[in-house]
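Contents: one structure, followed by commentary.
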Amino acid sequence: MRAVPDMNGRKDDIMASHFALFVDLENCGGKKSMLMDVIERVKIRGDILIGKVYGYTDSYSDLKETLLSNTFTVVPSLRFGRNQKNSMDIQLVIDALDVAYRNELIDSFCIVSGDSDYVPLVGKLKSMGKFVLGISRSEAASSVFMSACSEFQFLESVASGKERTNADVAEALTLSDVNELIVTILRESDSGEMLASEVKSVLLRLRPNFSEKSVGYSTFGKLLTRLSQQFGSFSVASEQYNLIVSMSQAHASSGEQITRENYVSIFARILSEYKEDGFDRVNPSILKSAVQADYPDFTERQIGLRRFSDVLRALERERLLSLETDEGGNMLVHIR
């Protein structure tokens, strides 16, 4: 979304970006919940006008409904010779450039793959004035690709950590569902606050079946006020005839502290969630960020250690993980 200053100098996202989304299923893991998380993260930023997945086989049949409901097309994986993966990469590049040159509506691209082979593509798209969002597993992400993108996110950070069902999209939303979606939208904004009208626009992109009347409220403003009072996750204020929705500071911290007595169980829970989401290996920085998302005040000294690498070695002794290095000499956490 493009930020445009309002009369008070605030930058509000009022123009939704138009995305082309290209997904390497092998990198994404081919899991329905993971694909939905990627789609949701992109929809927060704008409309997905073109969606395409690469490497589709019958083993991904549980993705059919998700792909159809989001009007994706698929490039099947036809195994022949040694260079199958290379042919998929080349096809993605051809498709992306074809869209960039032929479709003037597309101003943004999302590439779900961390392969450094895509760096020339990213460079070309950016030279054409396109925004490029890269998403990849931390274990497969090339540092060159990460730096080349306009914005990059690790797939582990994109994942919501919960299994999705058809009801998540098809059935009417509850007050709790709407509150959770609004919190997600505010977290993704630059400032943690947005106009109520823009919040509703993003909600409708994420859940086209949303209506404030379906949860018992005549206006969206009344719904926001009720949610802010009931959950306290965000606040609502009127300013210059505009309704402003802001993330609550109190919501950012649970108040619970990590101690020497509980840190092993806390890390065990977070590692288990990654494992359930299909991640066998994660970057240490991703793991630390996940911990600090739940415990913002966390420091290694709280558990009597000096560095995060010391924490990892302590967890390795507890047999929760093992430490590895990739080809570039970077440390990876292998979840047991």
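We use all heavy atoms of the structure for the numbers below, so side chains are in, but hydrogens, waters and symmetry mates are not. Just so it is clear, the model here is predicted, and its values are computed rather than measured.
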Selection residues 142-152 - residue pairs positive for side-chain hydrogen bond (donor to acceptor under 3.5 Å, both in side chains), sequence neighbours left out: Arg45-Glu151, Glu151-Gln153
Compare all side-chain heavy atoms of Met88 with those of Asp24 and state whether any distance is below 4.5 angstrom. no
Going through the distances and angles, do Leu181 and Thr184 end up as a side-chain contact (heavy atoms from CB on, under 4.5 Å)? CA-CA 5 Å; Leu181 284 167; Thr184 300; 5.5 Å; no
In terms of the angle between their ring planes, are Phe267 and Phe308 parallel, tilted or perpendicular, with boundaries placed at 30° and 60°? tilted
Side chain to side chain, Asp297 and Gln257, heavy atoms closer than 4.5 Å: yes
Do Leu195 and Leu243 have side chains that approach each other closer than 4.5 Å (heavy atoms only, starting at C-beta)? no
Identify the heavy atoms of Asp310 and Arg306 that sit nearest to each other, and give their distance. OD2-N, 3.7 Å
Student check: side-chain heavy atoms of Arg207 and Leu173 closer than 4.5 Å: yes
Reported OG-to-CG distance for the pair Ser211 and Leu204, which is rounded to 0.5 angstrom: 8.5 Å
Please check: side-chain N/O of Thr225 versus main-chain N/O of Gly221, any donor-acceptor pairing under 3.5 Å? yes
List the steps and the verdict of side-chain contact (heavy atoms from CB on, under 4.5 Å) for Phe220 and Lys213. CA-CA 9 Å; Phe220 187 60; Lys213 293 180 175 60; over 6 Å; no
Here the pair of heavy atoms bringing Arg336 nearest to Glu316 is NH1-O, 4.4 Å
Is the closest basic N to carboxylate O distance between Arg313 and Glu318 below 4.0 Å? no
Are any of the side-chain nitrogens in Asp107 or Lys130 under 4.0 Å away from the carboxylate oxygens of its partner? no
For the residue pair Phe154 and Phe152, does the interplanar ring angle fall in the parallel (under 30°), tilted (30 to 60°) or perpendicular (over 60°) class? perpendicular
Indicate the atoms forming the closest heavy-atom contact of Glu239 with Ile244, along with that distance. CB-CG1, 4.1 Å
Is any side-chain heavy atom of Leu63 less than 4.5 Å from a side-chain heavy atom of Phe72? no
Just how far is it from atom SG of Cys110 to atom NZ of Lys43, taken to the nearest 0.5 Å? 13.0 Å
For Leu67 and Thr73, what are the C-alpha separation, side-chain angles and deciding distance, and is it a side-chain contact (heavy atoms from CB on, under 4.5 Å)? CA-CA 7 Å; Leu67 295 173; Thr73 56; over 6 Å; no
What's the shortest heavy-atom distance between Tyr263 and Ala314, and which atoms? OH-CB, 3.6 Å
Can you say whether the rings of Phe22 and Tyr54 are parallel (under 30°), tilted (30 to 60°) or perpendicular (over 60°)? tilted
Atom CE of Met36 and atom CG of Asn70: how far apart are they, to the nearest 0.5 Å? 6.0 Å
If you define the side chain from C-beta out and look only at heavy atoms, does anything of Leu21 sit under 4.5 Å from Leu133? no
Identified salt bridge (Lys or Arg N to Asp or Glu O under 4.0 Å) partner of Glu212 from the options Lys222, Lys200, Arg226: Lys200
The reported gap from CG in Asp98 to CG in Asn103 (rounded to nearest 0.5 angstrom) is 9.5 Å
Flag the pair Arg269 and Asp294 as a salt bridge only when some basic side-chain nitrogen lies within less than 4.0 angstrom of an acidic carboxylate oxygen. yes
CG-CD1 distance between Asp37 and Ile39, expressed to the nearest 0.5 angstrom: 9.5 Å
Give a yes or no on whether the backbone of Asp117 and the side-chain of Asp115 come within a donor-acceptor separation of less than 3.5 Å. yes
Show the nearest heavy-atom pair for residues Val199 and Met194, with the distance to one decimal. CG2-CB, 3.9 Å
Please tell me whether Tyr274 and Asp280 have a donor and an acceptor in their side chains that are separated by less than 3.5 angstrom. no
Report yes if the side chains of Ile182 and Leu224 come closer than 4.5 Å at any heavy-atom pair, otherwise no. yes
Assess the side chains of Asp177 and Thr174: does a donor N or O sit below 3.5 Å from an acceptor N or O? yes
I need the minimum non-hydrogen distance between Ile270 and Ala290, along with the two atoms involved. CG2-CB, 4.1 Å
In terms of heavy-atom contacts, does NZ of Lys275 have more than 12 from other residues, nucleotides or ligands at under 6.0 Å? yes
Salt bridge check: are Glu156 and Arg137 linked by an N-O gap of less than 4.0 Å? no
Distance-only polar pair, side chains of Asn283 and Lys288, donor-acceptor under 3.5 Å: no
Could you walk me through whether Ser136 and Leu155 pass the side-chain contact (heavy atoms from CB on, under 4.5 Å) check? CA-CA 5 Å; Ser136 174; Leu155 194 57; 5.9 Å; no
Can you measure from CG (Leu312) to CZ (Arg317) and round to the nearest 0.5 angstrom? 11.0 Å
Do Leu206 and Ile185 have side-chain heavy atoms sitting under 4.5 Å apart? yes
Charged N to carboxylate O below 4.0 Å: is that the case for Glu324 and Arg281? yes
